[in-house]
Amino acid sequence: METTIRYDVRDAVATITLDDPSTRNALGDEALDQLLAALEAARDDESIRVVVLRSADPKVFSSGGNLKAFTDDRPVVQKYAGLNRFPRLYRLLGGLGKPVVCAAEGDVLAGSFGLALACDFIVAVDGVRLGCPEINVGVFPFMISALIYRSVPRARANELMMTGELITADEAHRMDIVNRVVPREAFEDELSGLVDRLASRSPLLMRMGKDALDATRDMPLDSALDYLQSQLALAFATEDIREGVAALKDKREPRWTGR
């Protein structure tokens with residue numbers, strides 16, 4: 001199998017790079033399997049505090065799903081079985097226990113728009129385009145519609161999915177889809193600053209917090225409050241919360257133990 005996903009670790013940060021220029025980083029079955037494996041490796045490595053998803057191509061983050069697979073001669077049952085990769089990917093990102101930053105240096109299209117929405121942060125270069133143009137080629141963004149509806153106001157979500165029109169990074173920022181839009185020359189510094197800040201936080205409390213957000217996103221209010229109360233009680237029992245309070249009192253940087 002050709003390697004189209006690079007996985008690198010440095011200073012508690014796992015960088016997962018989409019690197020398949022021949023397909024504009026299309027998310028076909030092999031690429032998705034490699035991406036899932038890389039994310040699972042980051043999840044299981046306790047030394048990793050932050051995950052960054054990015055592209056080796058500065059012009060495109062990903063063109064989305066592999067359109068060739070939509071019209072090949074495989075039996076429908078086989079195609080259906082393979083479609084679980086996108087749901088697994090989105091669930092894995094939500095339950096990773098570590099913040100994930102999408103570094104959108106190039107266009108974020110179709111299925112990769114869902115990938116970006118499943119991340120915790122999106123940092124985009126000014127001028128980058130985002131959206132789901134599937135309807136333009138007779139497809140519909142079925143898999144990512146749930147993520148779009150949870151991230152974008154209904155009327156705007158319908159417009160994105162039903163017209164196939166793309167939006168700029170600035171428009172996405174105004175819609176609260178993108179966290180930060182920066183000039184290309186400032187992109188690396190902005191990205192590094194955010195990643196370093198996230199990596200400096202307690203990995204234990206970050207994991208507990210992200211897990212709680214993922215678990216309660218679709219809960220009724222009463223159930224969510226009960227769950228969150230229990231998680232706060234568990235947080236009180238950690239060494240890291242005591243260390244954080246002590247460091248604030250002593251005016252020093254905290255020394256996290258992850259316990």
Side-chain angles (χ1 to χ4, degrees), residues 4-5 16-32 34-36 53-72 74 76 79-80 82-90 93 100-119 121-182 184 187:
T4 59
I5 304 292
I16 300 173
T17 305
L18 310 182
D19 189 9
D20 188 7
S22 65
T23 68
R24 301 178 72 226
N25 294 332
L27 299 175
D29 289 353
E30 291 184 1
L32 287 170
Q34 293 177 33
L35 182 54
L36 285 162
L53 296 183
R54 66 183 312 169
S55 168
D57 186 342
K59 294 182 180 179
V60 62
F61 176 75
S62 169
S63 58
N66 189 346
L67 292 178
K68 291 182 180 179
F70 294 173
T71 57
D72 63 24
R74 289 177 300 161
V76 173
K79 289 185 180 182
Y80 175 82
L83 291 175
N84 72 343
R85 289 177 173 87
F86 274 107
R88 284 167 53 203
L89 175 61
Y90 300 149
L93 285 165
V100 184
V101 180
C102 174
E105 194 174 357
D107 290 347
V108 182
L109 307 173
S112 73
F113 186 42
L115 175 60
L117 292 174
C119 295
F121 300 88
I122 304 175
V123 180
V125 166
D126 186 21
V128 161
R129 299 174 302 165
L130 305 93
C132 37
E134 290 94 329
I135 196 67
N136 296 329
V137 293
V139 191
F140 194 81
F142 292 104
M143 285 298 186
I144 66 174
S145 63
L147 291 165
I148 295 173
Y149 254 50
R150 283 165 170 76
S151 305
V152 181
R154 176 181 173 275
R156 199 66 175 98
N158 288 343
E159 187 174 352
L160 284 170
M161 292 186 286
M162 296 181 188
T163 69
E165 293 179 357
L166 303 180
I167 57 175
T168 66
D170 281 333
E171 290 176 290
H173 186 258
R174 289 194 295 270
M175 294 164 60
D176 295 327
I177 296 173
V178 167
N179 295 86
R180 301 176 185 183
V181 180
V182 294
R184 187 170 296 277
F187 182 72

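Note that the structure is a prediction, hence the values are computed from the model and not measured.
Annotation: the span from F61 atom CZ to L115 atom CG amounts to 4.5 Å, rounded to 0.5 Å. Here T4 contributes atom OG1 and L27 contributes atom CG; the two are 9.0 Å apart, rounded to the nearest 0.5 Å. Taking CG from L18 and CG from L53, the interatomic distance works out to 7.0 Å, rounded to the nearest 0.5 Å. From T163, atom OG1 reaches atom CG of N136 across 7.5 Å, with rounding to the nearest 0.5 Å.
Residues satisfying the side-chain contact (heavy atoms from CB on, under 4.5 Å) test with A172, not counting sequence neighbours, are L130, I167, I177, V178. Residues passing the salt bridge (Lys or Arg N to Asp or Glu O under 4.0 Å) test with D126, sequence neighbours excluded: none. By the side-chain hydrogen bond (donor to acceptor under 3.5 Å, both in side chains) test, T23 is found to be paired with D20, residues two or more places apart in sequence or in another chain being considered. Under the side-chain hydrogen bond (donor to acceptor under 3.5 Å, both in side chains) criterion, D107 pairs with R129, sequence neighbours left out. In this structure T168 satisfies the side-chain hydrogen bond (donor to acceptor under 3.5 Å, both in side chains) test together with E171, sequence neighbours excluded. Residues satisfying the salt bridge (Lys or Arg N to Asp or Glu O under 4.0 Å) test with E159, not counting sequence neighbours, are R156. Residues meeting the ring-ring contact (aromatic ring centres under 6.0 Å, His included) test with Y149, sequence neighbours left out: none. Every residue was checked against the side-chain hydrogen bond (donor to acceptor under 3.5 Å, both in side chains) condition with S62, not counting sequence neighbours, and none meets it. Considering only residues two or more places apart in sequence or on other chains, A103 meets the side-chain contact (heavy atoms from CB on, under 4.5 Å) condition with V52, R54, F187, L191. The salt bridge (Lys or Arg N to Asp or Glu O under 4.0 Å) search around R150 returns D218, not counting sequence neighbours. Residues that satisfy the side-chain contact (heavy atoms from CB on, under 4.5 Å) test with P58, not counting sequence neighbours, are E105, R184.
D19 contributes no side-chain N or O that, together with a main-chain N or O of I5, makes up a donor-acceptor pair within less than 3.5 Å.
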### Query
Going through the distances and angles, do D57 and R24 end up as a side chain to side chain contact (heavy atoms under 4.5 Å, CB included)?
CA-CA 8 Å; D57 186 342; R24 301 178 72 226; 5.6 Å; no

### Message
Using side chain to side chain contact (heavy atoms under 4.5 Å, CB included), reason through V101 and N179 one step at a time and then give a plain yes or no.
### Response
CA-CA 10 Å; V101 180; N179 295 86; over 6 Å; no

Compile the donor-acceptor pairs under 3.5 Å between side chains in residues 139-148 and protein atoms, sequence neighbours left out, one pair per line.
residue: S145; atom: OG; partner: F142; partner atom: O; Å: 2.8

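Here the closest heavy-atom approach between residue V128 and residue G106 is recorded as CG1-O, 3.2 Å. Scanning all heavy atoms of the two residues, the minimum distance from A118 to Y90 falls at CB-CD2, 3.9 Å. Between I122 and A104, the shortest heavy-atom contact is CG2-CB, 4.2 Å. Residues L166 and C132 share a closest heavy-atom pair of CD2-N, 4.2 Å. Shortest non-hydrogen contact noted between A169 and A124 is CB-CB, 3.9 Å. For the pair R88 and L36, the tightest heavy-atom approach, listed with the atom from each and the gap, is NH2-CD1, 3.4 Å.
The pair D29-R85 meets the salt-bridge criterion, since a charged nitrogen lies less than 4.0 angstrom from a carboxylate oxygen.
A side-chain hydrogen bond (donor to acceptor under 3.5 Å, both in side chains) with N25 holds for exactly one of S112, S55, S63; it is S55.
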